[in-house]
K.L.:
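Mind having a look at this structure? Questions to follow.
Sequence lines set the chain letters: A, B, ... in the order given, protein chains first and strands last, and positions in each chain run from 1.
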Amino acid sequence: MSILTWTWILTGISFALYIYIAYASRAKSTGDFYAAEQSVPPVLNGMATGADWMSAASFISMAGLISFMGRDGSFYLMGWTGGYVLLAMLFGPYLRKYGKFTIPQFMADRYYSNTVRVLSLICAIFVSFTYVAGQMRGVGVVFSRFMGLSINMGVIVGMALVFFYATLGGMKGITYTQVAQYCVLICAYLIPAVFISMQLTGNPIPQLGMGSAVTADGAVMLQDPATQGKYLLDVLNGIQLDLGFKEYTSGLRPRIDVWFITMSLMIGTAGLPHILIRFFTVPKMRDARSSAGYALIFIALLYTTAPAISVFARTNFIKSVHNVKYEAAPSWFKNWEKTKLVAFQDKNGDGIMTIAKGAWDDPKSKNEVKIDQDIMVLANPEIAKLPNWVVGLIGAGGLAAALSTAAGLLLVISAAISHDLMKGILTPNMSESAELWWARGAAGVAVCIAGLFGIYPPGFVAQVVAFAFGLAAASFFPCILMGIFNKKANKEGALAGMAVGIVFVAAYIIYFKFVNPAVNNKDGWWFGISPEGIGTVGAALNFIVMYVVGKFTPEPPQEIQDLVGSLRYPGKLVVPPSAH
Amino acid sequence: MSVHATKELQAYWKENLVIIMVHLAIWFFVSFFCGIMVVDQLDAYMIGGFPIGFWFANQGSILTFVVLIWTYVYMMNKLDKKYDVHEG
C-alpha cells in the first residue's frame, strides 16, 4: 500500500478512537469540565501531561532545529524538561491541596484580590492563545504534507475534531483523549528512531546509538566505507568541518545566553497554566508528586530521542545529498521537493548538489541545497528506507501532538472566561448548569479563533513564542512560588511584582523583535541576553519587587496565612498550624 | 490542634524544605553547571562516543531530572508516614 493510503488509514483509526473516548468520558458537572472530578490516576495524568506538553513544534520541528544548532540546541532539551523538577517539588502537590479549578482563581484567593484575578486571567488567555495559534497551523501543515489536503481544509478538520471533544468532554474528555494521543505520538516518534539506530550502529536504543560506532551495514547506508568502526559523533564532526561548519558537539552561542534561555524555559514551563491545571485532576497530594514523575518519564522518552534523531538525520541527509548528481538524487528528495521543504539551485551549473555554509538562495554562498528543519523528522523514515506504514505513522503522530496541546490550551481559555471572568467577577450568582454552558460556549468560540489564527497565521507567531514563556516566567512563576513558600507575601507585593515583570519582559521583547530588529544580536542585547532568555531577568525583578513592596505594606490577613499553612500538609487538616 | 501537633507539622515542613534544597542543588549542578558552565572543560573527556559535557547537555541532565523527581516522591512518601500525615 502507498504512503498516502497508510496515512489515511492510521489517521482515520486514531481520529475514530479520539471521538469514541471523548464521547465515553463526556463531562456532566463543572467539576468534571474543569478538573475531571479529581479522579485521574497518576500514570494516566502523566501521559496526558506529556501529550499536553509535547506540541506540534516538539514533534515536527525540534529535532531538525537541534540538528542545525548542534550543542547550542541543548537549551531546548534541558529547558523543556527541567521545569518538571520544579513542578514536582515547588508547585504540583500544593496546588492539588488547594484543589480548585484555575490558576487565576488560586492567584485571586491567595492574594485576596480581584485585580490579581483579572491580571492573571488576561495573562493566562494571552499565553494560551499565543501557543495555540501554532498548533492549529501545525495540524493544517501535517494534513497538507501527508494527505494532499489544502492547509486551510486541514485546519478546519482539526477544528471540528477539537470542537467536538473539548466542548463535550471538558477536562475529562481531553484527559482521556490525550492518553491515547500520547501513545500514538510516542510510537510514531520512537519506531523510526529505533530502526535508524539499528541500521547505523547496530544498537536498538537511539539514546545509546548516537554515542556508538558505525557498523559495516551503517557504513553501506552512509555510502562511505571509511566511516566503519568510527564513533558516529566523530563522523558527523568530521563532515561538519569538511563543509565549513563548526563541530557538531561544540557550541557557538555565548554561554551566558544559553544559561538564561535554559532558565527562562524551565521556569516558564513551571508557570504555564495548561500544565499547572493538570495537577488539579489527581485524587491526592502524593499523586501530584508521582504524576509529575510519570509525566517526565513520558516526556523524556521523546526528549532524549530527539537529539539522537538530530545526529542520525543530519549525518544521513548530508551523506546522501552532498556531492551527489541531481539526476541521481534519492527518490525521497524528489518527493519532498514538491512541498518546498527541500530544494536545489544549481549555482555553478555542474549538476552536482553542494551543501555549504550560508543560504541556498544567496548568490554569494556556495550552498545549493535548501533544507527546512522539519524535513529531519518528516522525511526521516523515507531517508532510512523504512516501510510505508512507518511513514504514515509520522502523520498520525504529528496530528496527535498538535491536537492534544491545542485542546489543553483551549480548556485554559474556556475556564478563564466561564469560571474566572463570569462566575468569579461578573455574575457570581450564576447556577452550575449556566456556568457549564458558558464553559462549553467559551471553548467553542476559542476553537474558532484558534482556527482563524491557523488559516491566517499572523506573521509574528514565531516571534511571540518567546513571549509565552517569558510572560509565564515573569508573572505566574514568582507569584505562585512566593504564594506557597512565603506566608507574608501580600497583595500589594504581588501586584507590583507582576506589573514590573510583565512590563519589563514585554518591553524587551517588543523592542528587539519589532521596534529595532537591526540590533537583535549578541552585541545589541543587554549583557548578551537574548529576548528568549529575558524571562529569567523578568522573574528575578518580580521576586525583588514583591519582596521590597511587601516589606512596606500590610501583611496578608490571618486567614490567608492560615490558608497557606494548610497547603503545606497532606491529609484532611482543616485548621492549619499557625506560626504564632 | 494541640501545641505538640503544631510543632510536629512545622518540623515536617522544615524537613520537606531541606529535601527540596538538596534536590534542587543537584538539578542545578547537572544542567546549569555541567551542561552549560563547564561544558567545554568536560568535553575533553569521553564516555564511549560521547564527549562528557555534550552528553550532560543532551542526555545526562534529563535522565537525572527523572531520577530526582522519583527520589523526591520516595522521600516524601516516607516523610508523610513518619509524621503520620499520609493520605489513606
K.L.:
With rounding to the nearest 0.5 angstrom, report the CG to CD1 distance, A:L301 to B:I62.
P.N.:
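A:L301 atom CG to B:I62 atom CD1 measures 11.0 Å (nearest 0.5 Å).
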K.L.:
Quick check: A:Y294 with B:W70 (ring centres under 6.0 Å apart)?
P.N.:
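Yes.
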K.L.:
Please round to the nearest 0.5 Å and tell me the distance separating atom CE of B:M37 and atom CD1 of A:I256.
P.N.:
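The CD1 atom of A:I256 is 10.5 Å from CE of B:M37, to the nearest 0.5 Å.
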K.L.:
At a heavy-atom separation under 4.5 Å, does A:Y84 approach chain B through its side chain, its backbone, both, or neither?
P.N.:
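Both parts, heavy atoms under 4.5 Å.
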K.L.:
Evaluate A:R568 against B:V85 for side-chain contact (heavy atoms from CB on, under 4.5 Å), listing each step before the verdict.
P.N.:
CA-CA 11 Å; A:R568 297 175 176 180; B:V85 291; over 6 Å; no
K.L.:
I need the B:D43 CG to A:S250 OG distance, nearest 0.5 Å.
P.N.:
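Reported value, rounded in 0.5 Å steps: 8.5 Å.
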K.L.:
Examine whether an atom of B:V38 lies under 4.5 Å from a heavy atom of chain A, and if so say whether it belongs to the side chain, the backbone or both; otherwise answer neither.
P.N.:
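The backbone, not the side chain.
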K.L.:
Quick one: what part of B:F28 sits under 4.5 Å from any heavy atom of chain A, side chain, backbone, both or neither?
P.N.:
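Side chain only.
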K.L.:
Less than 4.5 Å apart, side chain to side chain, heavy atoms only: is that true for A:M210 and B:N58?
P.N.:
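Yes - at least one pair of side-chain heavy atoms lies under 4.5 Å apart.
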K.L.:
By a 4.5 Å heavy-atom criterion (distance strictly below it), what part of B:S61 contacts chain A: side chain, backbone, both, or neither?
P.N.:
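Looking at B:S61, just its side chain touches chain A.
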K.L.:
With a cut-off of 6.0 Å (strictly less than), are more than 12 heavy atoms of other residues, nucleotides or ligands near CZ of A:F68?
P.N.:
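Yes, because the 6.0 Å sphere around CZ of A:F68 holds more than 12 heavy atoms from other groups.
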K.L.:
Find the distance between CG (A:N237) and CZ (B:F54) and round it off to the nearest 0.5 Å.
P.N.:
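It comes to 8.0 Å.
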K.L.:
Within the 4.5 Å heavy-atom criterion, are A:V85 and B:H23 side-chain neighbours or not?
P.N.:
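No, every pair of side-chain atoms sits at 4.5 Å or beyond.
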K.L.:
By a 4.5 Å heavy-atom criterion (distance strictly below it), what part of B:Y12 contacts chain A: side chain, backbone, both, or neither?
P.N.:
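Side chain only.
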K.L.:
Answer with side chain, backbone, both or neither: which region of B:D84 has an atom nearer than 4.5 Å to a non-hydrogen atom of chain A?
P.N.:
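Interface part for B:D84: neither.
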K.L.:
Do A:Y569 and B:W13 come close enough that some side-chain heavy atom pair is under 4.5 Å?
P.N.:
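A:Y569 vs B:W13: side chains touch.
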K.L.:
Salt bridge or not between A:K284 and B:D80? Use side-chain N to carboxylate O under 4.0 Å.
P.N.:
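No, this pair does not count.
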K.L.:
Quick check for you: among A:A292, A:G293, A:P93, which has the greatest number of heavy-atom pairs under 4.5 Å with chain B?
P.N.:
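Option with the top pair count is A:G293.
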K.L.:
Does any part of the side chain of B:L17, heavy atoms only, come nearer than 4.5 Å to the side chain of A:F485, both counted from C-beta?
P.N.:
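The answer is yes, as the side chains (C-beta and beyond) meet within the 4.5 Å cut-off.
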K.L.:
If we ignore hydrogens and angles and just use 3.5 Å, is the side chain of A:R289 paired with the main-chain N or O of B:V73 as donor and acceptor?
P.N.:
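Side chain of A:R289 to backbone of B:V73, a donor-acceptor pair under 3.5 Å: no, none is there.
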K.L.:
Do A:L86 and B:W27 make a side-chain contact, defined as non-hydrogen atoms from C-beta onward lying under 4.5 Å apart?
P.N.:
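They are in side-chain contact.
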K.L.:
State, to 0.1 Å, how close B:A57 and A:M78 come at their nearest heavy-atom pair, and which atoms those are.
P.N.:
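Heavy atoms only, the tightest pair is O-CG, 3.6 Å.
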K.L.:
I want to check something: taking the side chain as every heavy atom from C-beta on, are A:T81 and B:V66 in contact at a cut-off of under 4.5 Å?
P.N.:
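Sidechains of B:V66 and A:T81: no contact.
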K.L.:
Quick one: what part of A:S212 sits under 4.5 Å from any heavy atom of chain B, side chain, backbone, both or neither?
P.N.:
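For A:S212, there is no contact with chain B at all, as no heavy atom is under 4.5 Å.
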K.L.:
Heavy-atom count check: over 12 atoms from other residues, nucleotides or ligands less than 6.0 Å from A:Y231 OH?
P.N.:
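Count not over threshold, so no.
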